[in-house]
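Residue numbers start from 1 in every chain, and the chains themselves are labelled A, B, ... in the order their sequence lines are given, proteins ahead of strands.
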Protein chains: 2
Amino acid sequence: MRVTYKEVKADILAKIVRGDWGPGELVPNEMDLTETYNCARATVNRAMRELADEGIIERRRKAGTRVRETRILQAKFDIPVLRNEIEALNAEYRYSLVSSSVENAPDWLRARLQLPKAADVLHLICMHYADGNPYQYEDRWINLDALPQAREIDFSKLGPNDWLMSEIPYSEAEISFSAALADKEMTEFLECAVGDPIFIVERSTWHAEQAMTYVRLSHKPGHRMTTRY
Amino acid sequence: MRVTYKEVKADILAKIVRGDWGPGELVPNEMDLTETYNCARATVNRAMRELADEGIIERRRKAGTRVRETRILQAKFDIPVLRNEIEALNAEYRYSLVSSSVENAPDWLRARLQLPKAADVLHLICMHYADGNPYQYEDRWINLDALPQAREIDFSKLGPNDWLMSEIPYSEAEISFSAALADKEMTEFLECAVGDPIFIVERSTWHAEQAMTYVRLSHKPGHRMTTRY
DNA sequence: GAGTGGTCTAGACCACGTT
DNA sequence: ACGTGGTCTAGACCACTCT
């Protein structure tokens, strides 16, 4: 049978795992491996390229390919649309708009999104429920200079995330995770106690060099975000 | 000049972003695109494959290629070795072993790592500092059935993570992020107040079907984990 | 059965970066 | 200067899966 890039990749990885090629060591070049595995260079290349993408090896022209000294740990999280996430738990999803107002962007938001002075933003507070239980508290700010049409949208039925995904399906974003304490207001919506630990996700979204939206998502106490690799 | 897969990829993405091909719509097949871009099929294939890897499009034999209905948001975090992370902040890294003891694995740990009854584990508490300030509190458990040589290691100089990376550089892992409150003991090490919100990272590591280690990392209040995409 | 993507081959040229 | 990886080509066969 013909040699597949997956076989080559698995064999190279096995050699690294076994320690045949230790950290920092030079891996044979593509032409040599072509003979080792008796296959075309493109096959070896794809195997090596994927290993490099996964952070197992490091490749440099002329210098060759080496096993990485320290494995870069990569954790990839798939962040599904909230409705799907909740329905995947066999729970019923419910959305509710708490408040909506046009405001002047506060300073901290202007700084974060690099907005001009006196920029108008749409400030939404929303709740997301799973089987009727509070799941996520959404504090959303939309840049009305960039998305003036947001003024006319009725967000009592359609969640801002769903609307934004339809307006700007592809965008640049910065995500960060952190921990915070539930404040007075949040305790009411999340049905928890003041001072409970809250897992926070923040996301700023950009499109065509312009800030579109910033959102701060506060999760019910005990929320975990998990991934395998 | 020759057409590169990057150009093809960028152009296809631009068409999707502009809405020429909307969510759920069929994208032309590879042979057609080969003519559109006047290049080899392998070039189109690589462009499309990468877009599929990034969750932009969905490909199925015979059925063709479609723009994804709902973009899967993927957040990829590079988790560097702590020393590197701290030194990247231009801070001096310092490590300290707080305690070390061989114990019988508590029930919650046995359940998590699927350990047999009466399994011995090495329990380490360590601190990591940046410029002398507490940065991370490490609560580490090592499965001594799988790694008996850990009994003989002096962890007062070498951090358990560094040692484990040298023993089992490649492994399966489960990572999770959550929020918790600082308890009495932690406040002393992290120099914070009881009830401060703490960002928690937990990681269970497996190798050859066997649990190697579980670690719970508690970060100083205010810690954030950030990524862009 | 037939259309589509998945992959391999053999050869070629080129860009980069080390020497 | 030259060795290595990065990429493109043109053609081929195959695997999957929809109809």
A.B. asks: Grab the OH-P distance between A:Y5 and D:dC14 for me, whole Å please.
C.D. replies: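 It works out to 19 Å between those atoms.
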A.B. asks: Tell me whether A:D131 contacts the main-chain N or O of A:E92 through its side chain, where contact means a donor paired with an acceptor under 3.5 Å.
C.D. replies: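 Between the backbone of A:E92 and the side chain of A:D131 there is a qualifying donor-acceptor contact (under 3.5 Å).
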A.B. asks: Could you check how far OH of B:Y37 sits from C1' of D:dT9, rounded to whole Å?
C.D. replies: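 So the two atoms are 18 Å apart, to the nearest Å.
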A.B. asks: Can you identify which nucleotide, out of C:dG5, C:dC16, C:dA2, has its nearest atom closest to the B:E30 side chain?
C.D. replies: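 Nearest to the side chain of B:E30 among the choices is C:dG5.
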A.B. asks: What is the distance, to the nearest angstrom, from the NZ atom on B:K9 to the P atom on D:dC8?
C.D. replies: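 Answer to the nearest Å: 12 Å.
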A.B. asks: With the side chain of A:R49 defined as its heavy atoms from C-beta on, choose the nearest nucleotide among D:dT7, D:dC18, C:dG5.
C.D. replies: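 So the side chain of A:R49 is nearest to D:dT7.
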A.B. asks: Is the distance from OP1 or OP2 of D:dG6 to the nearest side-chain N or O of A:N45 less than 4.0 Å?
C.D. replies: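 Yes, because at least one side-chain N or O of A:N45 sits under 4.0 Å from OP1 or OP2 of D:dG6.
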A.B. asks: Under the side-chain hydrogen bond (donor to acceptor under 3.5 Å, both in side chains) test against B:Y37, which residue among B:D32, B:D11, B:T4 passes?
C.D. replies: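 The passing option is B:D11.
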A.B. asks: Would the base of D:dG6 count as contacting A:R41 through its side chain, where contact means a donor and an acceptor less than 3.5 Å apart?
C.D. replies: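 Indeed there is one.
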A.B. asks: Evaluate the side chain to side chain contact (heavy atoms under 4.5 Å, CB included) criterion for residues B:L82 and B:N161: first the C-alpha distance (whole Å), next the side-chain angles of each, then the deciding distance (0.1 Å), finally the verdict.
C.D. replies: CA-CA 9 Å; B:L82 196 55; B:N161 198 53; over 6 Å; no
A.B. asks: Which nucleotide wins on minimum distance to the side chain of A:R61, given the candidates C:dT9, D:dT7, D:dG6?
C.D. replies: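 Comparing C:dT9, D:dT7, D:dG6 against the side chain of A:R61, the answer is D:dG6.
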A.B. asks: Calculate the interatomic distance between A:M48 atom CE and D:dT7 atom P; express it in whole Å.
C.D. replies: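 One finds 14 Å between P of D:dT7 and CE of A:M48, rounded.
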A.B. asks: Set out, in order, the CA-CA distance, both residues' side-chain angles and the distance that settles side chain to side chain contact (heavy atoms under 4.5 Å, CB included) for B:V8 and B:L33, then state yes or no.
C.D. replies: CA-CA 9 Å; B:V8 174; B:L33 290 174; 6.0 Å; no
A.B. asks: Kindly say if B:T43 contacts the phosphate of D:dT7, meaning a side-chain N or O under 4.0 Å from OP1 or OP2.
C.D. replies: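 So the side-chain polar atoms of B:T43 never come under 4.0 Å of the phosphate oxygens OP1 or OP2 of D:dT7.
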A.B. asks: Within the structure, does a side-chain N or O atom of A:R59 lie under 4.0 Å from either OP1 or OP2 of D:dG6?
C.D. replies: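 Yes, A:R59 has a side-chain N/O under 4.0 Å of OP1/OP2 on D:dG6.
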A.B. asks: Starting at atom CD of B:E35, determine the distance to atom P of D:dT9, rounded to an integer number of angstrom.
C.D. replies: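 So the CD-P distance, B:E35 to D:dT9, works out to 14 Å.
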A.B. asks: Would you say B:T65 reaches C:dT4's phosphate, i.e. side-chain N/O to OP1/OP2 under 4.0 Å?
C.D. replies: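 Checking B:T65 against C:dT4: no side-chain N or O falls below 4.0 Å of OP1 or OP2.
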A.B. asks: Check every atom of C:dT7, D:dT4, D:dC16 against the side chain of B:K62 and return the nucleotide holding the closest atom.
C.D. replies: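 In terms of side-chain proximity for B:K62, the closest of C:dT7, D:dT4, D:dC16 is D:dC16.
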A.B. asks: So does B:R2 get a side-chain nitrogen or oxygen closer than 4.0 Å to the phosphate oxygens (OP1/OP2) of C:dC13?
C.D. replies: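 For C:dC13, OP1/OP2 do not have a side-chain N/O of B:R2 under 4.0 Å.
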A.B. asks: Mapping B:C39 and A:N29 to their closest nucleotides on DNA chain D, which lands nearer the 5' end?
C.D. replies: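 Result: A:N29.
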A.B. asks: Measure from the side-chain heavy atoms of B:A42 and tell me the nearest of D:dA15, C:dT19, D:dT9.
C.D. replies: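 The closest nucleotide is D:dT9.
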A.B. asks: Ignoring hydrogens and geometry, is there a side-chain-to-backbone donor-acceptor pair from A:D139 to A:R216 under 3.5 Å?
C.D. replies: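 Flag not set: sc A:D139 to bb A:R216 has no pair under 3.5 Å.
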A.B. asks: Output yes when at least one side-chain N/O atom of A:R46 is less than 4.0 Å from OP1 or OP2 of C:dT7, else no.
C.D. replies: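 Affirmative; the distance criterion is met.
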A.B. asks: Atom CG of A:D53 to atom C1' of D:dG6: distance rounded to whole Å?
C.D. replies: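 My rounded result for the distance is 13 Å.
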A.B. asks: Rounded to the Å, how far apart are B:L33 CG and C:dG6 P?
C.D. replies: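 It works out to 13 Å between those atoms.
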A.B. asks: Look at B:K6 and D:dT7 and indicate whether a side-chain polar atom (N or O) is within less than 4.0 Å of OP1 or OP2.
C.D. replies: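 The answer is yes; a side-chain N or O of B:K6 sits under 4.0 Å from OP1 or OP2.
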A.B. asks: On DNA chain C, nearest-nucleotide positions of A:R60 versus A:V3: which is more 5'?
C.D. replies: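 With A:R60 and A:V3 compared, the 5'-side residue is A:V3.
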A.B. asks: Provide, to the nearest angstrom, the distance between the CD atom belonging to A:E50 and the C1' atom belonging to C:dG6.
C.D. replies: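 One finds 12 Å between C1' of C:dG6 and CD of A:E50, rounded.
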A.B. asks: Between B:H219 (side chain only) and B:F199 (backbone N and O only), is there a donor and an acceptor less than 3.5 Å apart?
C.D. replies: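 Yes, the answer is positive, given that a donor and an acceptor are paired below the 3.5 Å cut-off.
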